[in-house]
Amino acid sequence: MSVFASCADLLDALPARSSRCPACGTHAPAWVRVEIDGLSVLTHDGDLICPRNRSFGYTPAPAPLAVAA
């Protein structure tokens with residue numbers, strides 16, 4: 001028996017967390033919320049801001065936008 005924790009033991013200690021971004025659903029296992037100038041900004045890897053981050057005014061369009069021909 002070892003005094004040191006095994007890798008499997010350490011992984012069990014971590015809370016279960018989705019590998020998908022909670023805002024856009026993109027596969028981003030390193031997503032995290034970062035405080036920037038008093039805003040909570042959702043990032044995919046600590047550097048790339050999520051395109052559906054509501055801190056910057058994103059709101060889903062209620063209907064498809066018309067395309068001008």
From Asn53 atom CG to Arg33 atom CZ, the distance as rounded to the nearest 0.5 Å: 7.0 Å
Residues two or more places apart in sequence or in another chain: which of them pass side chain to side chain contact (heavy atoms under 4.5 Å, CB included) with [X]?
| X | answer |
| --- | --- |
| Ala23 | Cys21, Leu42, Cys50, Arg52 |
| Ser18 | Arg20 |
| Asp45 | Asp47, Leu48 |
| Val34 | Val32, Ile36, Thr43 |

